[in-house]
Asker: 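Pasting a structure here, questions to come.
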Amino acid sequence: MTNSIQWWKEAVVYQIYPRSFADANGDGIGDINGMRKHVPYLAKLGVDALWLSPHYVSPMLDAGYDVADYRDVDPIFGTLADFEALIEETHAAGMRIMCDIVPNHTSWAHPWFVEALAHTVANDPTVPAKARYAEGPWARYHLLRGQADGTLPPNNWISIFGGPAWDEIKDADGKGTGWWYLHIFDNSQPDLDWDNEEVQAEFRGHLRFWFDRGVDGLRIDVAHGLAKADGYPDCPELKDGDPSHKNPYWDQDGVHAIWRQWREVADEYDPARIFVGEIWVGPAARSARYLREDELHTGFNFGYMTAPWDAAEIRKNIDDCLRENAVMDAPATWVLENHDCWRTVTRFAPIIGEDTKKKAGSGELDLAKTVDWKSPRDLEVGRERARAAMLTMLALPGSSYIYNGQELGLEEVFDIPGEMRQDPAFHNTNGESLGRDGCRVPLPWGTSSDSFDFNDNDKLWLPQPAGWKNLAANVQDADSESMLNMTRAALKLRREQAALGGVTDEATALEWNRSSKTVLDFVRPARDGGRAIRCVMNLGDKSVAIGQHNGVILESAVGVSLGDELAPNASVWVWA
Ligand code: GLC
Ligand code: CA
């Protein structure tokens, strides 16, 4: 464990997607005992902490982001005792452990929602549109009277997973009641009303439940949600680049009071527990507001994750984030992959036959219906770029997240039969949006079983590509030139070299060495008696001169920095 008190300012956190990581009981779905088995692998990788996507009791209609019981473990993942053993073993291996918390909505199987539905009233056309119950079981959710005598939803809000964000509640005979509930995501995920004090108190209890068990921090799902604009106004037509709070259900000012409450709970502990927010908010000055000293510690920089393969756009994102976060004295949090978006290998892979000048990767997230997943891509280049992007990310000041399998260079999987797909984003759009299953395919660990040692048999909740045999962790372990070993080397250097530490002061965090359309080139200045380190990344299609330096430290792939030249699609760390 790093000794620094503010470990989170520079931690590299490894995201485990529980159903995809490793399966100990052989049912085809990853579980907690699978994680326990691989704690030594994670310690050897050199990450500082783990973050687990939800492990709670759930009908799994959104892979566990639909929680029915926030204080227990879903039986498909194991038991609370297994989870406690995982906490202990992770700590003993020198890492911290964080879990996910989902406050914007519950599952429709949560006892609160079940109770609300059991409490239906008769359809009464004299009740005006948008009328609400201020107390009782209905008041915990956004349950509103519909428009046009209840026959239409209360407003025009749409669900992230397709269709309207409102569903009408039916009576015992299946007839509409004229009352509607809000679900910004799947209709199995009713939104909670965070003006309700019972909701607030219940969640403070959830935090304590896990903090008391030794969980070091929480990743907050949809941390820019929760608060809704007063009066439920229609969403105006939004243009590209509009600040996120223009949407009446994102980034509303009311959400900050909730994070202040949560910060108080985290600060009750010694050592204090920490938060990382899933904050899809722009521009950077607005997302930094979540990182004020009495709110969240960290928040993902999604602008970095969605930036295309383009030096100028990436540099602008880095500058904006460092500048705005420094105002709050907060570290930056870099991320390239997670369970909601395409893997970098595929995202950055150029489409074969397309003009090489065309930027790859721009906004190619799973939920967009417009992304081109049918044209074949050059995955070899994609893999080089994913390695380069990893090395650059790990040189940036602040904290970084690695999504399970990213260290193996896994690609997005498109070849999944429709009937095996689980993501509601696929089903709610009749397959128009592919959804996110392609980045959730079970990990390859070895070559002795048909599931590449995900378990000891051939059962898999999603099929793996045959080529993953060569990408399995133990194959890469034995290959000194693999992406796995490159990542390990980078993480080891991060621990040894003070220059690579977490700095929140904009002036000393990073210095740009050159400005170019195709090259990122920055220095992390010397600190604490150590040496300065420079990172150079070539995003162009020709080799570039590295320029004056004092020796190569690490390359994104062996041989990319021959002589003074850096190959295309490569990064290198050198002594400045
Ligand atoms: C977040 C999660 C995503 C989930 C959604 C609803 O965006 O990352 O996986 O579907 O919230 O909880
Ligand atoms: Ca299992």
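Hydrogens, waters and symmetry mates play no part in the numbers below; they use all other heavy atoms, side chains included. Remember, it's 1-based here, ligands and their atoms both numbered in the order they're listed. By convention here, the first residue in the shown sequence is residue 1.
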Asker: In terms of heavy-atom contacts, does CD of E88 have more than 12 from other residues, nucleotides or ligands at under 6.0 Å?
Answerer: no

Asker: How would you list, by chain and number, every residue that makes a side chain to side chain contact (heavy atoms under 4.5 Å, CB included) with P111, sequence neighbours excluded?
Answerer: none

Asker: With Y401, which residues qualify under side-chain hydrogen bond (donor to acceptor under 3.5 Å, both in side chains), at least two apart?
Answerer: none

Asker: Give me the ring orientation class for F203 and Y70: parallel if the planes are under 30° apart, tilted from 30 to 60°, perpendicular past 60°.
Answerer: perpendicular

Asker: Applying the side-chain hydrogen bond (donor to acceptor under 3.5 Å, both in side chains) criterion to H183, which one of D66, D191, D167 satisfies it?
Answerer: D167

Asker: Measuring from each atom of ligand 1, which residues have a heavy atom under 4.0 Å away?
Answerer: D62, Y65, H105, F161, F185, Q189, R219, D221, V222, E278, H339, D340, R436, R440

Asker: Assess whether salt bridge (Lys or Arg N to Asp or Glu O under 4.0 Å) is satisfied between D31 and K37, documenting all intermediate values.
Answerer: CA-CA 10 Å; D31 46 46; K37 202 170 122 198; over 6 Å; no

Asker: Under 3.0 Å from the Ca ion (ligand 2), which protein atoms of type N, O or S occur, listed by chain and number?
Answerer: D23 OD1, N25 OD1, D27 OD1, I29 O, D31 OD2

Asker: Please check this pair: side chain of D48 against backbone of V12, looking for a donor-acceptor N/O pair closer than 3.5 Å.
Answerer: yes

Asker: Quickly, which of W108, F113, Y181 forms a ring-ring contact (aromatic ring centres under 6.0 Å, His included) with Y141? Name it, please.
Answerer: F113

Asker: Does the S159 side chain pair with the main chain of F185, one donor and one acceptor, at a distance under 3.5 Å?
Answerer: yes

